[in-house]
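Notes for the one structure printed next.
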Amino acid sequence: MKKISVLGSTGSIGTQTLDVVRKHRERFQIEGLAAGGNTELLLAQVHEFAPSKVSVASRDLAERIKHELPSGTQLYYGSEGLVEIAAGTEAELVVTAVMGSMGLPSTLAAIREGKTIGLANKETLVTAGHLVTALAEEKGVKLLPIDSEHSAIFQCLNGERHEDIERITLTASGGSFRDYTREQLVNVTVEDALKHPNWSMGAKITIDSATMVNKGLEVMEAHWLYRIPYDRISVLLHPESIIHSFVEFRDSSIIAQLGNPDMRVPIQYALTYPERWESPATRLSLAEAGKLNFREMDMERFPCLRLAYECGKMGGTAPTVFNAANEVAVARFLRKEISFLQIEEIIQEVTDRHETIANPALETIEEADQSARELASRL
Ligand SMILES: NC(=O)C1=CN([C@@H]2O[C@H](COP(=O)(O)OP(=O)(O)OC[C@H]3O[C@@H](n4cnc5c(N)ncnc54)[C@H](OP(=O)(O)O)[C@@H]3O)[C@@H](O)[C@H]2O)C=CC1
Ligand SMILES: CC(=O)[C@@H](O)[C@H](O)COP(=O)(O)O
Ligand SMILES: [Mn+2]
């Protein structure tokens, strides 16, 4: 039995992780579940999967559910609760599926305890890639990608030598407004932005996909996971999201990973690696797909991607600030306080005003994250 904890069990990745576990019930044991505020769903998960420890976002929420838990389940809350679920159970693998850089302390704590990471929470690597990867290396911990593009690259690199890699290319669907001009973006609504063409995901990443920030975060995530310089990471617009990403090698060969867009495939691969098990996903028929389309990325149309490359190359606290500004701006857009195009204006302004600090320690990263958030919420 493989023992697993899930951080963010009530979200899009969390519930799909539990779908995978449900499909292979006899082969997995859920040790810990951490959620935010959806206590109804969390309680249902507790009754179904019988974890030894659970956590919710706040003390109030914990008070509200404490009498509804089975007697064997220990209850925690807040950021310390999240760390407890990450590091304080018998789980050998921790799925990091909370949203945003709030996932950093719990991911570091799990790595410190030597737990394999099923990494969905890309913001963690963007915010503090050098610290997370250095600690993982020191502890001999595997960071198994769940993000579809990074799982694809991971699979394409199986058995290959690092020095033979010429270039990696991440595919991008283009998001909800793929075919809009910049002028048409002026009056778009939250409801429209939340309609992703191919994937059903949490609200924040769906907006990131429409601004192309998601691909920017993924470029940085790929840089840290695969140690590839930024000038050898490309992004290609691929509206169907069937080729999940690909690698070009020294000899001109290209290896790609394909499948219907279904996150349960990369999630399951992270849970079962290096094995491959039966999946609940529907199989891809290339004959039915008929043809696949590709377009060059237009950095003028998607300026957040250009900015992400700039911040990634700058390194230090620049990616931390890019990410924090985006998290605040997206939350404000979702609350309808700002327009869609103001998201990129805020990220640009906050990153412009930041003086990058090279090779930052954790404390410096936390400070940069915090001051970027404060500025982004005032602009
Ligand atoms: N969704 C997808 O298909 C993909 C997602 N990712 C990445 O995975 C991560 C999760 O995304 P997604 O699943 O879409 O996000 P969701 O918004 O759907 O889920 C977020 C989860 O985090 C929980 N949460 C919120 N606040 C807290 C807190 N204070 N303490 C503990 N848990 C908390 C939420 O709980 P609650 O709902 O109970 O409040 C929920 O379970 C992101 O980093 C995203 O970029 C990567 C690739 C694909
Ligand atoms: C499913 C997944 O991995 C998302 O990160 C996805 O990549 C979003 O799609 P686009 O960012 O390509 O629109
Ligand atoms: Mn992705």
Side-chain angles (χ1 to χ4, degrees), residues 6-18 33-43 45 54-58 61-62 76-86 95-107 118-127 145-153 170-178 196-219 221-222 235-245 259 261-267 270 297 302 304-305 323 326-327 330-331 334:
V6 185
L7 312 181
S9 65
T10 47
S12 162
I13 293 291
T15 51
Q16 293 180 87
T17 301
L18 293 176
L33 295 176
N38 189 347
T39 51
E40 196 179 324
L41 180 54
L42 178 68
L43 284 171
Q45 293 175 345
V54 296
S55 176
V56 287
S58 69
L61 288 166
Y76 301 84
Y77 60 84
S79 46
E80 285 165 21
L82 197 55
V83 166
E84 184 64 29
I85 303 305
V95 174
T96 64
V98 294
M99 184 279 288
S101 65
M102 63 164 280
L104 178 60
S106 50
T107 304
L119 188 112
N121 178 226
K122 64 191 89 182
E123 295 92 341
T124 289
L125 268 192
V126 170
T127 299
I146 282 181
D147 209 344
S148 62
E149 297 76 2
H150 305 73
S151 175
I153 299 290
L170 308 179
T171 50
S173 75
S176 330
F177 304 129
R178 179 176 57 220
H196 194 283
N198 304 332
W199 301 94
S200 166
M201 310 184 286
K204 189 262 184 183
I205 186 176
T206 306
I207 304 303
D208 285 351
S209 166
T211 57
M212 210 46 74
V213 164
N214 184 48
K215 219 45 60 179
L217 300 176
E218 292 184 346
V219 166
E221 181 185 12
V235 174
L236 183 67
L237 207 139
H238 167 45
E240 294 88 357
S241 300
I242 282 179
I243 295 188
H244 296 305
S245 281
D262 186 330
M263 280 308 292
R264 292 173 302 179
V265 177
I267 291 171
M297 277 310 300
F302 295 108
C304 289
L305 183 57
N323 176 69
N326 177 59
E327 284 190 31
V330 171
L334 287 170

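Ligands are counted one by one from 1 in listed order, and the atoms in each one are counted from 1 as well.
For the atom pair CE (Met201) and CG (Asn214), the distance works out to 6.0 Å, reported to the nearest 0.5 Å.
The main-chain N or O of Val98 is found under 3.5 Å from a side-chain atom of Asn121 such that the two form a donor-acceptor pair. Judged purely by atom type and a 3.5 angstrom limit, Glu84 has no side-chain atom pairing as donor or acceptor with the backbone of Glu80. Within the 3.5 Å criterion, the main-chain N or O of Pro239 finds a donor-acceptor partner in the side chain of Asn198. Checked by atom type and distance alone, the side chain of Thr171 pairs as donor or acceptor with a backbone atom of Ile243 at under 3.5 Å. Side chain of Asn38 to main chain of Leu41: a donor-acceptor pair is present (N/O by atom type, distance under 3.5 Å, no hydrogens or angles). His244 places a side-chain N or O within donor-acceptor distance of the main-chain N or O of Gly259, the cut-off being under 3.5 Å.
Residue Ala97 touches ligand 1 through its backbone alone, judged by heavy-atom distances below 4.0 Å. At a heavy-atom cutoff of 4.0 Å, ligand 2 is contacted by the side chain of Lys122 but not by its backbone. Contacts of Met201 with ligand 1, taken as heavy-atom pairs under 4.0 Å, involve both backbone and side chain. Proximity of Ile205 to ligand 1, defined as any heavy-atom pair under 4.0 Å, is confined to the side chain (atoms from C-beta onward). Looking at Ile205 against ligand 2, only its side chain comes within 4.0 Å, counting heavy atoms. Here Lys204 has no heavy atoms under 4.0 Å from ligand 1, in either its backbone or its side chain.
Note: no N/O pair closer than 3.5 Å links Met102 and ligand 1 by distance alone. Where the criterion is an N or O separation shorter than 3.5 Å, residue side chain and backbone included, Asn38 meets it with respect to ligand 1.
The minimum heavy-atom distance between Ser173 and Leu237, with the atom names listed, is O-CD2, 4.0 Å.
Closest protein heavy atom to atom 37 (O) of ligand 1: Thr10 OG1, 3.2 Å. Looking from atom 11 (O) of ligand 2 to the surrounding protein, the closest heavy atom is Asn214 ND2, 2.8 Å. For atom 26 (N) of ligand 1, the closest non-hydrogen atom of the protein is Gly36 CA, 4.0 Å. Protein heavy atom at the shortest distance from atom 4 (C) of ligand 2 is Met201 SD, 3.6 Å. Closest to atom 13 (O) of ligand 1 among all protein heavy atoms lies Ile13 N, 2.9 Å. If you check which protein heavy atom lies closest to atom 31 (C) of ligand 1, you get Ala35 O, 3.1 Å. Protein heavy atom at the shortest distance from atom 6 (C) of ligand 2 is Glu149 OE2, 3.6 Å. When hydrogens are left out, the protein atom nearest atom 17 (O) of ligand 1 is Gly202 CA, 4.1 Å; that is the closest non-hydrogen contact. Protein heavy atom closest to atom 22 (O) of ligand 1, with residue, atom name and distance, is Val98 CA, 3.6 Å. In terms of protein heavy-atom proximity, atom 9 (O) of ligand 2 is nearest to His196 NE2, 3.5 Å. The nearest heavy-atom contact from the protein to atom 19 (O) of ligand 1 is Gly11 CA, 3.2 Å. In terms of protein heavy atoms, atom 45 (O) of ligand 1 is closest to Lys122 CE, 3.3 Å.
Using 4.0 Å as the threshold, Glu218 has a heavy atom nearer than that to some atom of ligand 2. Contact analysis leaves His150 out of contact with ligand 2, as no non-hydrogen atom separation drops below 4.0 angstrom.
Centred on the Mn ion (ligand 3), the angle running from Glu149 (OE1) to Asp147 (OD1) is recorded as 90°, rounding to 10°.
Considering only non-hydrogen atoms, atom 10 (P) of ligand 2 lies nearest to Ser209 out of Ser209, Ala210, Ala120, Ser151. Within the set Ser12, Gly37, Ala34, Ser79, the minimum heavy-atom distance to atom 39 (O) of ligand 1 is found for Gly37.
Heavy-atom contacts of Ser148 reach the following atoms of ligand 2: 1 (C), 2 (C), 3 (O) (cutoff under 4.0 Å). Close approach of ligand 2 to Ala172 (heavy-atom distance below 4.0 Å) involves ligand atoms 12 (O). The contact set between ligand 1 and Ala120, taken as ligand atoms under 4.0 Å from a residue heavy atom, comprises 6 (N), 7 (C), 8 (O), 43 (O), 46 (C). Near Ser173, meaning under 4.0 Å from one of its heavy atoms, ligand 2 places the atoms 10 (P), 12 (O), 13 (O).
With Leu33 as the partner, the side chain to side chain contact (heavy atoms under 4.5 Å, CB included) test is satisfied by one option alone out of Ile85, Val56, Leu18: Leu18.
For Glu218, the N, O or S atom with the smallest separation from the Mn ion (ligand 3) is OE2.
Between Lys122 and Glu218, at least one side-chain nitrogen of the basic residue sits less than 4.0 Å from a carboxylate oxygen of the acidic one, meeting the salt-bridge criterion.
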